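Single-structure report; data block below.
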2 protein chains.
Amino acid sequence: MTLAASGETDEPSSAGAGVVERAPRRKRSDAKRNLDSLLDAAKEVFASSGVDAPAKEIADLAGVGVGTVYRHFPVRSDLVIAVLQHEVDACIEEGETLSSTEESLAALTKWLHRYTDFVATKRGLAAALHSGDPAFEGLPSYLLQRLDPVVVMMLDRAAAAGEIRSDVTANDLLRAVAQLCIPGPGGPAYSQRMVALLVDGLRNVSTEAR
Amino acid sequence: MTLAASGETDEPSSAGAGVVERAPRRKRSDAKRNLDSLLDAAKEVFASSGVDAPAKEIADLAGVGVGTVYRHFPVRSDLVIAVLQHEVDACIEEGETLSSTEESLAALTKWLHRYTDFVATKRGLAAALHSGDPAFEGLPSYLLQRLDPVVVMMLDRAAAAGEIRSDVTANDLLRAVAQLCIPGPGGPAYSQRMVALLVDGLRNVSTEAR
DNA sequence: GCTGAAGCGGAAACTGATTCCGTATTAACC
DNA sequence: GGTTAATACGGAATCAGTTTCCGCTTCAGC
């Protein structure tokens, strides 16, 4: 986790071995307040105007200056990640749950549709993920890094059971799904249909690369 | 074909019935020259810097002012369409050829991979298609409108032969393929693999919506 | 050659991102 | 409760790119 601005703990960590160092002073309370309002504001603005909403809009809603936004979150993706954190965690947990309660293919399928819903539902997220905009550089790698383990697990289990081909990686899948979630006419329903098609392709063992 | 700035013919069309009208004067030769250099320059810049390259870059290479770019091509997508015209035509022709020389499923499959290559190879095109940027608004609809007929034909033929499910439209497919062509690690090879997966899903009749 | 319509160039206005720095606030220490 | 240095703040300034606009130039038609 390389979150630039997350809260740390309140306690200043005691100085390292040997070197005589002044204990770092505690984080300022107004900074903490601002960071909180910023996160709240961002969540709201992202939901209504998308993750690429102008920085000023977030700053205004949070009642701070733009400078404060950039100080806490030097790049846009830091802010997006901070806001999405919990939802991503929930996604991971659900993957683990499905894995342990469902048959291997069903678990994978259900989870992919759940993930599709997650990505397709966050305004501008899918587009940002593939925009190539340096402001969002950190996003794809963050999601991949977080989600990869669960997906690998589900994928391996289903492949071992012979339910799906084994020449597609978790990375491939996560990226493809997110691409199919880019909004357009048809809304999330379109994305779900295309993901279903992809999953059907996954089940087609006959054309597997060897 | 709703190309805003394409060449028209040299001859001013004679006036309509009844109304006495001064014959419109011929298009100025310098304007034609500029339009040509603009198209040449755009083709080059699009190839090297992507379809979202700054207007100034194109203007400079063409040896004209930015104003001239905007006069001929009020929105970016007009210019992109003008540049892609021939390649799209070629794509359509190839679809017709494949249709008449190949077995139905093979024709569809080959064509989709050919289309994948086309989209994945034009710098920034796939991203622009799904960017939602108003500057590119016209692009998706142009491509859809041009390509839809051939794809519908191939799709129908394969569906009639029972080779593929019939609950997926040409529109669905074209869009999905273009989404999977958005560049990233793995290059066009990734796109081709994912399109192959999608096609495999298409062949899976068992889960077809009824 | 004249003339006015058509077209030109590039400066100006605008939009949003990002940096910067003088000022305000705070934690720590007395 | 006062002092001080570190920290954080706000928003003006800067920057990059798009888009508009208008005085000047060039061309087609005569």
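Every value quoted in this text rests on a predicted model; they were computed, and no experiment measured them. Chain letters run A, B, ... following the sequence lines, proteins first and then strands; every chain starts at 1.
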Take the protein atom [atom1] of [X] and the nucleotide atom [atom2] of [N], then report the distance between them rounded to whole Å.
| X | N | atom1 | atom2 | answer |
| --- | --- | --- | --- | --- |
| B:Phe73 | D:dT19 | CZ | C1' | 17 Å |
| A:Asp133 | D:dA16 | CG | P | 16 Å |
| A:Leu35 | C:dT25 | CG | C1' | 17 Å |
| B:Arg25 | C:dG4 | CZ | C1' | 7 Å |
| A:Lys27 | C:dA28 | NZ | P | 14 Å |
| A:Tyr70 | D:dC15 | OH | C1' | 12 Å |

Test: B:Arg203 and B:Asp200 ion pair at under 4.0 Å: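 Answer for the salt bridge query: yes.
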Exercise: do B:Gln85 and B:Tyr142 side chains pair donor with acceptor under 3.5 Å: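 Indeed, the side chains of B:Gln85 and B:Tyr142 share at least one donor-acceptor pair under 3.5 Å.
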Taking only N and O in the side chain of [X], is any of them less than 4.0 Å away from OP1 or OP2 of [N]?
| X | N | value |
| --- | --- | --- |
| B:Asn34 | C:dC8 | yes |
| A:Ser29 | C:dT25 | no |
| A:Arg33 | C:dT26 | yes |
| A:Arg26 | C:dA28 | yes |
| A:His72 | D:dA8 | no |

Closest-nucleotide ordering on DNA chain D, the 5'-leading residue of A:Asp30 and B:Asp30: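 This one resolves to A:Asp30.
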Validation row: B:Thr109, B:Leu202 side chains within 4.5 angstrom (heavy atoms):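 Counting from C-beta outward, B:Thr109 and B:Leu202 never come under 4.5 Å.
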Keeping [X] on the side-chain end and [Y] on the backbone end, is there a donor-acceptor pair under 3.5 Å?
| X | Y | value |
| --- | --- | --- |
| A:Arg76 | A:Val51 | yes |
| A:Arg157 | A:Ser99 | yes |
| B:Gln192 | B:His113 | yes |

Over 12 non-hydrogen atoms of neighbours within 6.0 angstrom of CD in B:Glu57: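 Counting neighbours around CD of B:Glu57, more than 12 heavy atoms of other residues, nucleotides or ligands fall under 6.0 Å, so yes.
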Selected nucleotide, minimal atom distance to B:Arg28 side chain, candidates D:dT19, C:dA5, C:dT18: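 From the listed options, C:dA5 comes nearest.
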Given C:dG4, C:dT26, D:dA8, the nucleotide with the shortest approach to the side chain of A:Arg71: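 Minimum distance to the A:Arg71 side chain belongs to D:dA8.
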DNA chain D contacts among residues 50-68 of chain A, heavy-atom distance under 4.0 Å: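 Nucleic-acid contacts, sorted: A:Gly63, A:Val64, A:Gly65, A:Val66, A:Gly67, A:Thr68.
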